[in-house]
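I have placed the structure first, in the form of structure tokens, so that the comments after it can refer back to it.
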Amino acid sequence: MIYIIDLGSQYTMLIARRIRELGVYSEIVEPSISVTDFNGCDGIILSGGPSSVYEKEIELDRRLLGLNKPVLGICLGMQLMAQLLGGKVSAGKR
């Protein structure tokens, strides 16, 4: 089972459908879901979203990244992972 954390992307449903087409069950969840609810999943996808990590506050428990499960961040999801792990996300010059 793959959990897809919905960060506001217009493609979240498409991501879930593609995962299911591969024969893997996927479930879309809110960022406020408890870390303990991830015990039964095999992987996590952080969807994209319409903003940057600095434009709005996104509540995501950092412990999610320490569950020893693969995590794929797409766009905003990758920015959020970098920030939670101590990296710096900044705007490009162009």
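Starting from 1, each residue takes its place in the sequence as its number. It should be emphasised that the depicted structure is a prediction, and the values quoted were computed from it without experimental measurement.
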Taking a hydrophobic cluster as the set of Ile, Leu, Val, Met, Phe, Trp and Tyr residues connected by side-chain heavy atoms closer than 4.5 Å, whether directly or through intermediates, do Val71 and Leu85 fall within one such cluster? yes
Look at the side-chain heavy atoms of Ile, Leu, Val, Met, Phe, Trp and Tyr, link any pair under 4.5 Å apart, and say whether Tyr3 and Leu84 land in one connected group. yes
List the atom of Gly77, the atom of Leu7, and the distance in Å for their closest heavy-atom pair. CA-CD1, 3.8 Å
Using a cut-off of 6.0 Å, state whether more than 12 heavy atoms not belonging to Arg20 lie near its atom CZ. yes
So Ile33 and Phe38, do their side chains get closer than 4.5 Å, heavy atoms only? yes
Same hydrophobic cluster for Leu72 and Leu67, using side-chain heavy-atom links shorter than 4.5 Å among ILVMFWY? no
With rounding to the nearest 0.5 angstrom, report the CE to CG distance, Met81 to Leu76. 11.5 Å
Does one hydrophobic cluster hold both Tyr25 and Leu14, with members joined at side-chain heavy-atom distances below 4.5 Å? no
Minimum-distance pair of heavy atoms, taken over all atoms of Asp42 and Pro70: O-CD, 3.3 Å
Interatomic spacing from OH in Tyr11 to CD1 in Ile74 - rounded to 0.5 Å: 11.5 Å
So with a 6.0 Å cut-off around CE of Met13, is the heavy-atom count from everything else above 12? no
So Leu64 and Leu46, do their side chains get closer than 4.5 Å, heavy atoms only? yes
Within the structure provided, determine whether Val29 and Ile4 are in side-chain contact (heavy-atom separation under 4.5 Å). no
Find out whether Ile5 and Pro31 are in side-chain contact, i.e. whether some heavy atom of one side chain is under 4.5 Å from a heavy atom of the other. yes
All heavy atoms of Ala82 vs all of Val89, minimum pair found to be CB-CG2, 4.2 Å
Taking every non-hydrogen atom, the tightest pair across Pro50 and Gly8: CD-O, 3.6 Å
Would you confirm whether Ser9, through its side chain, and Gly49, through its main-chain N or O, come within 3.5 Å as a donor-acceptor pair? no
Indicate yes or no for a side-chain donor-acceptor contact from Thr12 to the backbone of Asp6 under 3.5 Å, with no hydrogens or angles considered. no
Tell me whether Met1 is reachable from Ile28 by hopping between hydrophobic residues (I, L, V, M, F, W, Y) whose side-chain heavy atoms are closer than 4.5 Å. no
If you apply the rule side-chain contact (heavy atoms from CB on, under 4.5 Å), what do you find for Glu27 with Ile2, and how did you get there? CA-CA 6 Å; Glu27 189 171 319; Ile2 303 294; over 6 Å; no
For a quick test of reading the model, state the closest non-hydrogen atom pair linking Arg63 to Asp61 and the distance between them. NH2-OD2, 2.6 Å
Taking all non-hydrogen atoms of both residues into account, name the closest pair between Val53 and Gln79 and its distance. N-OE1, 3.3 Å
Backbone N or O of Ile44 within a donor-acceptor pair of the Lys69 side chain at under 3.5 Å? no
